[in-house]
Amino acid sequence: MKKKGLLYKLSKICTQPVKGWFYIFVFLLNLVSNYVVIKDDKLPFTYFSVFFLSAFVAYIESAIYFVLTKKSLRRIYVVLIILLHGVLIGCEYFLLFRFNSFLKQSIVNIIGETNSDEVQSFFKTYLPPTQILIILALLAALLAIIYGLSRLIAKIRYTIPALLFSLIGMGIALYGGYGFWRYRDGMSIPQHTTLTRLGHSIYQIKQKNSDIELLRDACKNVDASTSSSDLPTIVVIIGESHSVYHSSLYGYEKTTNPLLSQRVKEGSMVVFDNAVSLHDITSLSMKADFSLNAQGEDFATTPLFPACFKAAGYRTMMYDNQYLTGTGISFLADKELSDILFDYRNTRKYPYDGDMAEEIEMSDGPTLYIIHLMGQHFEYEAAYPRDFGTFKADDYDKKYNEDQRATIAQYDNATLYNDFVVDKIIRKFETTNCCVFYFPDHGEEVYELRDFAGHCNAESSPDLNYQIRIPLLVWLSPTFTADHPSLKQRLEEAKHYPICADDIGHTLLDVAGIKTSAFTPSRSFVNDHYDKNRHRIVLHSIDYDEYQARRSK
């Protein structure tokens, strides 16, 4: 009898959390939130896993509810649960409907690397007050419906099935947790709940901090030298969200690049027409652009190209209108790494990129300048002074609605201003022995394919070219051209080569004549050994060249 009594008490304790309306309430909240992962993974196991993991998480949340015996504590707990799941559901479905994405590693990284100015721009562009009110109203309606359903379902006998579902979910979680402990593989833990995805993302952020420590060592201990006595000045201008489809240099009908087009006409600038970015997100693109590794591998243990320039005797200077040291989790925000890479970095942001260009100081001796612009980042209207409001909504096809036409006009004005800024920077170096490279972090969609303007979701776009193809321009000063006539010829020969942005670092080392073990000749597009057959893997896993071949059939 004692044994039966013990089992009875144990079963009563185990089943207690699944009794009543609260378990059903949190189960439905979890199910609604977690369901978004089906967008990326429609395998039968995913549906199975989402369902049972939702039951397991609900069991834990409900168990906490029953442990809290005081009514006041229970009320506080219910409010906190509603707020937590309300925020998660709101975020998940906003990302799903606005960006065809959901809360996952890449999104958490973006949030972590976003500064206050970008947050304000984001809300102005994607979440104006009226939309926030609509989202809150929809959330309130959803919560009311779920509460009503949970009260109805609670009248049915569901205790044993609910406990069984929770135990199966616990088994999936334990199996995945073991895989993560054993192999440290993020995909081996349950990725099918919002909470576990966020937990893994936080872990990855901590891992990123560890990677930066390794990267500091890799950039400190660089073997680099040059035998030349007349080293050229190298200027690298990195733009933002610059679409080739809105650039008159690439055939766009609106004259958005009048100044740079004139330089092409004069013969001092080469336009490359087959360049792509590895990513559609600034933070990931910047990692690829700065590193000398291949396709994003071994980032933490491979030196960044500015470290090679500095080790070879160059002065290194960075002007950045997006990242400042000490803000965010980007490698460019790490003060110690920045001190290793650069002799100078600006300490404030500028209202417009042209203001930053004004303050670029001319340095004596061989210098590497890296100039990171705000470019055409949203909100587009804030990216240019009023004097550059050349294009108006009425200039565009009526197939777009009024708001879309206004946004397209703003984007083209931002592109026109970007043309002015890049030309302004070039003018600073016209009388020097200088080579200027310009390319953006990624492209941009501006309503060409769907009711969407922005980036970050190229993989789900009808055509990823709009976010992945990028302009690539190289300008040579008269002095540099006279001293390096063969390089100008090689640049002209390479302008139709397939180029990936992560090859540019190797090309810069080649142009500067820097010798280092980190340099790979087959990745410099001005080198005779450049590998024109290397497939470009973008967005982590998409073979861009095969993608293009399929589209051309």
Side-chain angles (χ1 to χ4, degrees), residues 37-43 95-96 98-102 104-107 109-110 187 238-247 249-252 271-289 291 293-297 299 376 439-473 494-507 520 522-525 530-553:
V37 78
I38 304 299
K39 182 197 81 66
D40 277 1
D41 188 354
K42 294 181 171 59
L43 293 173
L95 290 169
L96 182 66
R98 200 68 182 82
F99 298 101
N100 200 25
S101 186
F102 52 88
K104 52 184 177 179
Q105 186 67 59
S106 58
I107 299 297
N109 285 348
I110 293 171
M187 296 313 295
I238 303 176
E240 167 70 52
S241 306
H242 191 164
S243 169
V244 297
Y245 301 97
H246 284 258
S247 170
L249 286 167
Y250 291 85
Y252 185 51
V271 178
F272 293 79
D273 61 11
N274 193 6
V276 300
S277 171
L278 258 69
H279 303 285
D280 55 358
I281 298 170
T282 301
S283 58
L284 295 179
S285 294
M286 294 295 279
K287 285 177 64 175
D289 297 343
S291 183
N293 65 356
Q295 308 291 348
E297 298 174 2
F299 173 75
Q376 294 97 296
F439 60 96
D441 53 356
H442 49 71
E444 190 89 342
E445 275 187 48
V446 196
Y447 299 118
E448 297 93 346
L449 307 169
R450 49 187 172 161
D451 185 17
F452 177 77
H455 52 274
C456 296
N457 60 5
E459 193 169 357
S460 63
S461 172
D463 184 352
L464 61 79
N465 279 288
Y466 283 83
Q467 296 186 42
I468 292 299
R469 273 194 69 197
I470 56 171
L472 172 59
L473 316 172
K495 64 184 180 182
H496 303 305
Y497 285 178
I499 294 170
C500 199
D502 69 339
D503 289 333
I504 294 174
H506 292 271
T507 306
T520 304
S522 63
R523 296 183 59 202
S524 165
F525 52 80
Y530 181 65
D531 183 4
K532 297 187 286 290
N533 298 314
R534 183 172 77 103
H535 282 223
R536 295 169 286 180
I537 308 300
V538 302
L539 303 173
H540 301 290
S541 61
I542 297 175
D543 188 318
Y544 177 81
D545 299 286
E546 287 187 1
Y547 175 86
Q548 286 296 86
R550 289 195 302 270
R551 290 184 62 83
S552 63
K553 289 182 180 178

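Values in this document were obtained by computation on a predicted structure and should not be read as measured data. FYI, the numbering just counts along the sequence from 1.
The CD1 atom of Ile281 sits 8.0 Å away from the OG atom of Ser285 when rounded to the nearest 0.5 Å. Here CD1 of Ile238 is found 8.5 Å from CD1 of Ile504. Values are rounded to the nearest 0.5 Å. Between the CD atom of Glu444 and the OH atom of Tyr447 there is a distance of 10.5 Å, given to the nearest 0.5 Å. Note that NZ of Lys495 and CG of Asn274 are 13.5 Å apart. Values are rounded to the nearest 0.5 Å. Interatomic distance, OH of Tyr544 versus CD1 of Ile537, reported as 12.5 Å (0.5 Å rounding). Considering OG of Ser291 and NE2 of His506, their distance stands at 7.5 Å, rounded to 0.5 Å.
For the side-chain hydrogen bond (donor to acceptor under 3.5 Å, both in side chains) test, no residue two or more places apart in sequence or in another chain qualifies with Ser243. Under the rule for a side-chain contact (heavy atoms from CB on, under 4.5 Å), the partners of Asp503 that lie at least two apart in sequence or sit in another chain are Cys500, Arg523, Tyr530, Arg534. Qualifying ring-ring contact (aromatic ring centres under 6.0 Å, His included) partners for Tyr252, counting only residues two or more places apart in sequence or in other chains: His246. The ring-ring contact (aromatic ring centres under 6.0 Å, His included) search around His496 returns none, not counting sequence neighbours. Partners of Ser460 by side-chain hydrogen bond (donor to acceptor under 3.5 Å, both in side chains), not counting sequence neighbours, listed by chain and number: Asn100. Residues passing the salt bridge (Lys or Arg N to Asp or Glu O under 4.0 Å) test with Arg450, sequence neighbours excluded: Glu445. The ring-ring contact (aromatic ring centres under 6.0 Å, His included) check on Phe272 picks up Phe525, with sequence neighbours excluded. Residues satisfying the salt bridge (Lys or Arg N to Asp or Glu O under 4.0 Å) criterion with Asp273, sequence neighbours excluded, are absent altogether. Listed by chain and residue number, Tyr250, Arg469, Pro471 satisfy the side-chain contact (heavy atoms from CB on, under 4.5 Å) test with Val244 (two or more places apart in sequence, or in another chain). For Ala458, the side-chain contact (heavy atoms from CB on, under 4.5 Å) partners at least two apart in sequence or on another chain are Asp280, Leu464, Gln467, Ile468, Leu539. Every residue two or more places apart in sequence or in another chain that forms a side-chain contact (heavy atoms from CB on, under 4.5 Å) with Asn533 is listed here: Asp531. Shown here are the salt bridge (Lys or Arg N to Asp or Glu O under 4.0 Å) partners of Arg551, two or more places apart in sequence or in another chain: Asp463.
Residues Leu284 and His540 form a side-chain contact, since some pair of their non-hydrogen atoms from C-beta on lies under 4.5 Å apart. Side-chain contact between His442 and His242: absent, with no pair of heavy atoms (C-beta onward) separated by less than 4.5 Å.
A donor-acceptor pair under 3.5 Å links the side-chain atoms of Asp441 to the main chain of Ser241, judged by distance alone.
Counting all heavy atoms, side chain and backbone alike, Ser277 lies closest to Ala501 at CA-CB, 4.2 Å. Looking at every heavy atom in both residues, Ala288 comes nearest to Asp502 through O-CB, 3.4 Å. The shortest heavy-atom contact between Phe99 and His455 is CD2-O, 4.1 Å. Leu449 and Ser461 get closest at one heavy-atom pair: CD1-OG, 3.3 Å.
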Could you walk me through whether Tyr245 and Val446 pass the side chain to side chain contact (heavy atoms under 4.5 Å, CB included) check? CA-CA 9 Å; Tyr245 301 97; Val446 196; over 6 Å; no
Verdict with reasoning, Phe439 to Asp289, per side chain to side chain contact (heavy atoms under 4.5 Å, CB included): CA-CA 10 Å; Phe439 60 96; Asp289 297 343; 3.6 Å; yes
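A donor-acceptor pair shorter than 3.5 Å can be found between the side chains of His535 and Asp543.
More than 12 non-hydrogen atoms from other residues, nucleotides or ligands lie less than 6.0 angstrom from CD of Glu448.
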